[in-house]
Amino acid sequence: MYRFNYHKPDDMDAAQQMMADAEDGVYLSGGMTLIPTLKARLASPTDVIDLSGLALSGIELADDSLTIGALTLHSEVAAGNEISSLSNLALAIGDAQVRNRGTIGGSIANSDPGADYPAAVVALGATINTTAGAIDADDFFQGLFETALKPGAIVTSVTFPLPVRAAYEKFPNPASRYAVVGVMVAETNGGVRVGVTGAGPCAYRQRNFEQALADNFSVAALDGLEVDYAEFNSDIHASAEYRGHLVGVMARRAVAQIT
Amino acid sequence: MTSETGIGAAVKRKEDARFITGAGHYTDDINQPGQLYAVFVRSMYPRAEIRSIDVSSALAMEGVVAAYTGADLAADEIGDLPCGWMVKSKDGSDMIQPPHPPVAVSVVNYVGEPYAMVVAETLQAARDGAEAVTADFNELPVVVDLASAHGADQIHEAAPGNQCYDWELGDREATDAAFASADHVTSLDIVNNRLIPNAMEPRAAVGMYEAATGNYTLYTTSQNPHLERLILAAFVNVAAESKLRVVSPDVGGGFGSKIFVYAEETAVIWAAGKLARAIKWRADRSESFLADAHGRDHLTKAELALKADGTFVGLRVKTVANMGAYLSLFASSVPTYLYGTLLAGQYRTPAIYVEVQSVFTNTAPVDAYRGAGRPEATYVVERLVETAARELGKDPADIRRLNFIQPEDFPYETPVALTYDTGDYDASLKKAIELIGYDGFAERKASSEANGKKRGIGFSCYIEACGLAPSQVALSLGAGVGLFESAEVRVDVTGSVSVMTGCHSHGQGHETTFAQIVSDKLGIPFENVDVVHGDTGRSDYGLGTYGSRSLVVGGSAIVKATDKVIAKSRKIAAHMLESTEENVDFEEGTFSVTDSNQSITFPEVAFSAYVPGNYPLDELEPGLSEKAFYDPENFTYPAGAHICEVEVDPETGKVEIVNFVAVDDFGEIINPMIVAGQVHGGLAQGIGQALLEHAIYDESGQLVTGSYMDYTMPRADDMPNFVVDTTVTPCTHNPLGAKGCGEAGAIGSTAAVMNALTDALGVVDVPMPATPETVWRAMEGE
């Protein structure tokens with residue numbers, strides 16, 4: 001680690017002011033990515049603004065949606081709620097230590113290509129609530145570690161509309177246990193949505209799968225559908241081609257779970 | 001008393017209470033007044049000429065006390081890190097040992113090689129200082145690919161063709177003749193993947209120097225502190241052996257990687273003397289990946305010649321072994337005397353010929369890693385045997401039985417220089433077949449297929465040469481040191497006992513096993529025996545722990561010393577009981593006069609030894625402490641049968657081990673619980689090699705798998721519930737009848753897994769590690 005100024009604000013305005021005042025500030029949520037990065041001296045912010053003092057934790061059920069505070073731990077989501085597919089997804093994140101520190105807001109704001117939550121955000125058509133307004137899931141993830149979050153803004157919560165049915169299937173990286181490919185298939189009130197994480201630079205919707213499932217919500221509907229893997233990630237664990245193959249396999253398994 | 005804690009009892013480990021509660025005392029737990037911190041500046045280039053290094057900015061920084069380069073060590077006549085085993089090429093010439101300065105002087109040859117060291121008042125300041133060191137490098141062509149390393153750009157001036165040696169063993173003509181007359185030849189091209197040892201505790205060192213006496217003390221994570229001291233004194237010129245104390249306190253795993261003398265502790269102890277201050281260094285995990293010696297990394301062409309009935313008539317093996325950039329301490333012996341000599345396996349193959357060419361590359365040094373050569377040999381033999389059985393339509397168990405060395409054949413001299421003392425290979429195979437339920441395999445396979453899974457079964461009947469090593473043999477083959485072991489059994493006035501051993505426990509449980517032996521023999525409570533290890537200031541001498549040697553060599557030395565204590569005690573008892581030695585029996589801790597009711601306990605004898613009121617001093621010395629050195633007559637030959645069953649998900653290529661049976665013959669067993677633990681750990685590493693672990697350098701020489709994000713460490717949920725059992729043929733030449741168990745799991749299991757996987761897929765070979773994509777591609781016929 002390099003030296004930095006540590007701040008722990010107790011309200012949102014103070015946090016944003018500290019960020020505005022910092023030469024090169026960074027927000028700290030669960031720290032599951034930021035802390036290792038700092039320890040390895042791969043980042044050298046002047047100011048670290050710890051959000052853990054803000055009241056952004058908790059899960060609230062409304063008539064047709066579930067709103068999860070940005071500082072809610074993965075373990076708290078995994079403990080069970082009205083969207084079982086989301087609980088199952090949270091239970092598959094990292095290991096117990098990560099689930100007991102990592103937060104949904106931190107995961108989403110980071111837009112790691114191998115993170116699990118983005119698949120659910122996209123597939124369930126969630127709304128990301130921030131200090132600079134609400135952002136639709138389809139607009140939020142913009143690229144590798146890139147989101148539509150405005151500079152200095154803070155994710156405050158994520159609102160997930162309750163799906164009719166949904167399931168998540170993940171093929172974990174054998175080393176890191178991040179998603180090589182993770183697919184959430186959801187039948188929502190707005191139609192069938194298929195969210196894919198791990199495969200590309202950021203989470204996205206597999207539109208041809210959605211169309212096929214809208215016509216016929218069955219495993220067979222996905223047979224023979226192409227996945228364009230030209231822009232997919234490729235590393236020692238999985239080539240782009242293999243990731244493309246796994247998108248189909250994971251999607252079929254997700255559909256099988258709920259049919 | 002001894003029945004619950006004596007030889008053969010599954011005693012819970014003494015050391016576990018402190019390990020499990022975080023009360024262990026590791027090198028990084030040691031702090032000294034005024035202690036400084038060292039950080040090494042490491043090369044980002046796989047190969048470059050060092051034009052200049054500038055440490056002035058570092059020295060100007062707050063808290064930085066010193067910054068050294070290789071030139072500073074050289075100016076103090078600090079020597080190269082040596083290789084301790086001379087291997088000769090076919091033509092009789094010595095292997096090439098290129099210069100290996102602890103801190104690079106004029107050239108760097110792998111990513112992570114240290115070229116400067118910064119010492120500061122705090123770790124933070126040392127890190128900042130290290131980043132301020134600048135250097136001007138001239139990048140040179142990089143040699144990474146093992147297959148083409150021989151003949152690629154020459155790395156070391158001393159090593160034309162990047163060759164270290166071109167070694168052979170066995171009878172070439174007889175082997176060629178056997179192949180010419182064979183009915184069938186099975187051949188395989190085998191890649192034994194490169195691994196990174198990944199001990200839980202990273203390497204560390206605390207160097208101390210006392211100016212008033214000139215005494216050095218080095219705390220470090222060594223598997224062999226006496227050897228570390230010998231090399232630092234005799235080869236590296238840090239200090240005279242008598243002025244240097246090396247202590248290996250609790251050490252969290254080694255797997256071979258902590259046998260070697262490395263740059264870091266060498267530079268730390270030297271600098272401690274220079275500055276007359278204590279200096280601490282502890283590797284980050286990233287440094288462990290880059291700069292611990294790696295393991296395996298062979299390319300092999302292997303051929304087995306058979307008669308039509310499956311009888312083996314010849315084995316021909318040609319291997320290229322990667323040494324990395326420099327020769328590590330025992331690197332040369334691993335692909336030769338610990339590999340070629342094991343190629344007979346459990347079989348009566350009459351003619352064997354092996355050639356091994358070792359080459360240098362711009363990668364981290366490669367040396368012994370759990371099993372060291374023997375896993376590579378087992379992999380070659382057992383993959384060949386299974387493949388031959390398939391090609392000839394034989395049952396894999398039957399073809400092995402047909403070729404096994406039989407119990408009546410022992411002692412059995414192999415065509416590759418070893419003489420096996422004893423064994424019963426079919427006994428282990430038979431038990432393993434029963435335990436896995438071989439008869440029910442076809443049914444299980446059908447059931448897997450009904451569930452959309454492919455199932456396969458694979459065997460591996462391994463042998464290893466352990467108990468390193470008979471000094472005479474080792475020295476005649478090029479070893480630079482004898483490989484005996486020492487022990488001292490020191491009895492206190494009150495009858496408690498300290499056992500000093502030259503072996504070192506870094507997870508093996510010696511404090512328990514050795515205490516069981518001594519308490520059993522002396523008939524005293526297990527709790528009254530303390531085992532002292534890892535300190536050159538407390539144990540006379542020793543060669544450390546590796547090669548499954550501690551019990552069979554170190555334990556035998558302890559038995560010898562304990563026997564001397566008993567002999568002396570008998571003398572004392574005879575004196576006290578006014579009898580003669582011949583008339584004094586010793587049983588369960590009590591000396592008694594034959595045909596009389598007079599007796600005296602061991603603690604009473606011990607007390608008398610230190611309170612010698614009326615001793616006939618010309619015949620009987622006071623005191624009760626005995627030393628012994630034990631040099632084994634032969635290696636020991638643990639052997640066994642591992643059988644693995646896998647299920648493959650055909651859609652993803654993911655392999656699951658659904659059954660794994662290991663039946664091992666370790667000879668006599670002191671503590672079956674510790675043995676089972678050793679087997680479990682070894683199996684995890686062997687299975688890890690087969691399915692998960694791979695050290696990958698890219699074409700440019702950068703280590704791609706430099707963290708746990710990319711290097712797949714085996715985890716508990718990757719492993720099945722192992723079924724482990726044993727058979728026993730006692731070793732014929734040591735007093736314990738023991739053979740050693742530390743490496744067997746890692747030696748036998750890899751081939752069993754890959755035999756099972758290739759059976760499931762119906763293919764000849766799948767490269768290791770068989771990652772999901774690799775298996776998926778194998779199924780796609782790629």
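Note that the coordinates shown come from a computational prediction; the quantities given were computed from them, not determined experimentally. Just so it is clear: chains get the letters A, B, ... in the order the sequence lines come, proteins before strands, and each one is counted from 1.
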Chemist: Between the main-chain N or O of B/Glu651 and the side-chain N or O of A/His245, is there a donor-acceptor pair closer than 3.5 Å?
Modeler: yes

Chemist: Using a 6.0 Å cut-off, check whether atom CG of B/Asn451 has over 12 heavy atoms from anything other than its own residue.
Modeler: yes

Chemist: Between A/Tyr178 and chain B, which part of the residue has a heavy atom less than 4.5 Å away: side chain, backbone, both or neither?
Modeler: side chain

Chemist: Just how far is it from atom CG of A/Asp235 to atom CD of B/Glu773, taken to the nearest 0.5 Å?
Modeler: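 Between atom CG of A/Asp235 and atom CD of B/Glu773 there are 9.0 Å.
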
Chemist: Using a cut-off of under 4.5 Å for heavy-atom pairs, which of A/Ala238, A/Gly248, A/Ser239 has the most such pairs with chain B?
Modeler: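 If we count pairs closer than 4.5 Å to chain B, A/Ser239 comes out on top.
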
Chemist: State, with a plain yes or no, whether a side-chain heavy atom of A/His237 is found less than 4.5 Å away from one of B/Thr712.
Modeler: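 The answer is yes, as the side chains (C-beta and beyond) meet within the 4.5 Å cut-off.
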
Chemist: Using heavy-atom distances under 4.5 Å, tell me whether B/Arg127 contacts chain A through its side chain, its backbone, both, or neither.
Modeler: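 When you check distances to chain A, atoms from both the backbone and side chain of B/Arg127 fall under 4.5 Å.
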
Chemist: Compute whether any side-chain donor of one residue and acceptor of the other, for A/Arg253 and B/Thr652, lie under 3.5 angstrom apart.
Modeler: no

Chemist: Where does B/Met709 contact chain A at under 4.5 Å (heavy atoms): side chain, backbone, both or neither?
Modeler: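 Both backbone and side chain of B/Met709 come within 4.5 Å of chain A.
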
Chemist: Side chain, backbone, both or neither: which part of B/Asp128 has an atom under 4.5 Å from a heavy atom of chain A?
Modeler: both

Chemist: Please confirm whether the backbone N or O of A/Met1 pairs with a side-chain atom of B/Gln124, one donor and one acceptor, at under 3.5 Å?
Modeler: yes

Chemist: Above 12 or not: heavy atoms from other molecules or residues under 6.0 Å from CZ of A/Arg101?
Modeler: no

Chemist: Contact part of B/Thr705 toward chain A, heavy-atom cut-off under 4.5 Å: side chain, backbone, both or neither?
Modeler: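 Contact with chain A: side chain only.
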
Chemist: Could you tell me which residues satisfy side chain to side chain contact (heavy atoms under 4.5 Å, CB included) with B/Arg715, sequence neighbours excluded, listed by chain and number?
Modeler: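 Partners of B/Arg715 by the side chain to side chain contact (heavy atoms under 4.5 Å, CB included) criterion, ordered by chain and then number, come out as A/Arg177, B/Asp717, B/Asp718.
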
Chemist: With a sphere of 6.0 Å drawn around CZ of A/Arg207, does it hold more than 12 non-hydrogen atoms of other residues, nucleotides or ligands?
Modeler: yes

Chemist: Could you tell me whether A/Glu231 atom CD has more than 12 heavy atoms of other residues or ligands within 6.0 Å of it?
Modeler: no

Chemist: Identify which part of B/Pro714 has an atom lying under 4.5 Å from any heavy atom of chain A, answering side chain, backbone, both or neither.
Modeler: neither

Chemist: Hey, what do you get for CG (B/Asp710) to CD1 (A/Ile236), rounding to the nearest 0.5 Å?
Modeler: 4.5 Å

Chemist: Sort by residue number and list every member of residues 166-175 of chain A having a non-hydrogen atom under 4.5 Å from chain B.
Modeler: A/Phe171, A/Asn173, A/Pro174, A/Ala175

